[in-house]
Every structure is written in structure tokens, then in C-alpha cells.
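This one's a predicted model, so the numbers in the text were calculated from it and none came from an experiment.
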Amino acid sequence: QAQLVESGGGSVQAGGSLTLSCTGSGSIDIYYYIGWFRQAPGKEREGVAVFDATHKTQYAHSVKGRFTIAFDNRRYTLYLQMHSLNPEDTAMYYCAAEPDPFLPFEAASATRFRYIGQGTLVNVSS
């Protein structure tokens, strides 16, 4: 069972950037999908970005062009680079991993991944 740990959250002003990191207790590249979802207070989970075993990526429309998901093979670390942040990006961000290759390959699927980290908080002020 994956033990996922996120880091890199914090407070930033609108227009700023943050990079989130996710590492696992074991090698997280054994999972078919790894990705990020977020949950804002009082709102449902929203899939943000997904990285699959073939190194393809999918993004939510709300973050496309501003966020980049990447995987470092040497450090076995998943990243979410976030630019042009706005207050609507304020949320708890979760790293997630899924071994099942038959889930739809879309950002929204990240909310259903089997293994989830504890989350890291991103707060964007206007």
C-alpha cells in the first residue's frame, strides 16, 4: 500500500507560483496513474492533473496552461508546478496513485484513485 506524502503548500499572492511535491514510501512509478486533486472548503473534490504510465498527461480545464505535472524518475517524486495562481486555486491539494489502468484517463479520475496522501494546503490571496 502506497504511503504518499505531499509537501510544498503555502500562502502566495495572486499571480504567484508554487510547486508541490509528492513522494511515496515505495516507488510510486509502479502505479499506472499518479496525479493530483484538490478540495476547497465546502466544495467537492476536483481532479487537477494526471500522469500515466506512458508519461502522458491530462489536466483540468481550469488549470490547463497554468499548471504542469511532472515526474522525476531519479527521485521518484511527483511534482505539480503551479503558475498564475488565483484565489480560486485555494484548496487542499492531494497526491493520489492508482494501479488500475482501466480508469478513464482524465483529470477527474484523480478523485477516485485508491491511494491518497494527507494533503498540503495552498492559499492564494488577492
Gly9 and Val122: which non-hydrogen atoms are nearest, and at how many Å?
CA-CG2, 4.2 Å
Side-chain atoms of residues 62-69: list all donor-acceptor pairs with protein atoms under 3.5 Å, sequence neighbours left out, distances to 0.1 Å.
from: Ser62; atom 1: OG; to: Arg38; atom 2: NH2; distance (Å): 3.4
from: Ser62; atom 1: OG; to: Glu46; atom 2: OE2; distance (Å): 2.9
from: Arg66; atom 1: NH1; to: Ser84; atom 2: O; distance (Å): 2.9
from: Arg66; atom 1: NH1; to: Asp89; atom 2: OD2; distance (Å): 2.8
from: Arg66; atom 1: NH2; to: Ser62; atom 2: O; distance (Å): 2.9
from: Arg66; atom 1: NH2; to: Asp89; atom 2: OD1; distance (Å): 2.9
from: Arg66; atom 1: NH2; to: Asp89; atom 2: OD2; distance (Å): 3.4

Check: Pro104 main-chain N/O paired with Ser109 side-chain donor or acceptor under 3.5 Å:
yes
Hey, does the side chain of Asp52 reach the backbone of Lys56 with a donor-acceptor pair shorter than 3.5 angstrom?
yes
Could you tabulate the donor-acceptor pairs under 3.5 Å formed by side-chain atoms of residues 11-21, not counting sequence neighbours?
from: Ser17; atom 1: OG; to: His83; atom 2: ND1; distance (Å): 2.8

Mind checking whether Phe51 and Phe71 have parallel, tilted or perpendicular rings, split at 30° and 60°?
tilted
Quick one: list whatever passes ring-ring contact (aromatic ring centres under 6.0 Å, His included) with His61, sequence neighbours left out.
none
Run the side chain to side chain contact (heavy atoms under 4.5 Å, CB included) check on Asp72 and Tyr79 step by step: do they pass?
CA-CA 8 Å; Asp72 185 328; Tyr79 298 99; 3.7 Å; yes
Closest non-hydrogen atom pair, Met92 against Gly119
SD-C, 3.8 Å
Trace of the side chain to side chain contact (heavy atoms under 4.5 Å, CB included) decision for Trp36 with Val50:
CA-CA 6 Å; Trp36 297 89; Val50 173; over 6 Å; no
Give a yes or no on whether the backbone of Val124 and the side-chain of Thr90 come within a donor-acceptor separation of less than 3.5 Å.
yes
Are Ile116 and Leu121 connected in a single hydrophobic cluster, I mean Ile/Leu/Val/Met/Phe/Trp/Tyr linked by side-chain heavy atoms less than 4.5 Å apart?
yes
Write down the atom of Gly47, the atom of Phe37, and the distance for their closest heavy-atom approach.
CA-CB, 3.8 Å
Can Arg45 and Tyr94 be said to form a side chain to side chain contact (heavy atoms under 4.5 Å, CB included), step by step?
CA-CA 10 Å; Arg45 292 180 175 182; Tyr94 297 88; 5.8 Å; no
Minimum heavy-atom distance between Phe113 and Gly35, given as atom pair plus value:
CE1-N, 4.0 Å
Reported CD1-to-CD distance for the pair Ile34 and Glu98, which is rounded to 0.5 angstrom
12.0 Å
To the nearest 0.5 Å, atom OH of Tyr31 lies from atom CG of Asp100 at 13.0 Å
Is the backbone of Glu44 close enough, under 3.5 Å, to the side chain of Gln39 for a donor and an acceptor to pair up by distance?
no
Give the intermediate values and the outcome of side chain to side chain contact (heavy atoms under 4.5 Å, CB included) for residues Gln58 and Phe105.
CA-CA 7 Å; Gln58 289 284 344; Phe105 181 36; 3.5 Å; yes
Looking only at atom types and distance, does a side-chain atom of Tyr33 sit under 3.5 Å from a main-chain N or O of Leu103, one as donor and one as acceptor?
yes
State, to 0.1 Å, how close Pro87 and Ser125 come at their nearest heavy-atom pair, and which atoms those are.
CG-C, 4.4 Å
Tell me whether Glu106 contacts the main-chain N or O of Ala108 through its side chain, where contact means a donor paired with an acceptor under 3.5 Å.
no
Main chain of Cys95, side chain of Glu6: is a donor-acceptor contact present, judged purely on distance under 3.5 Å?
yes
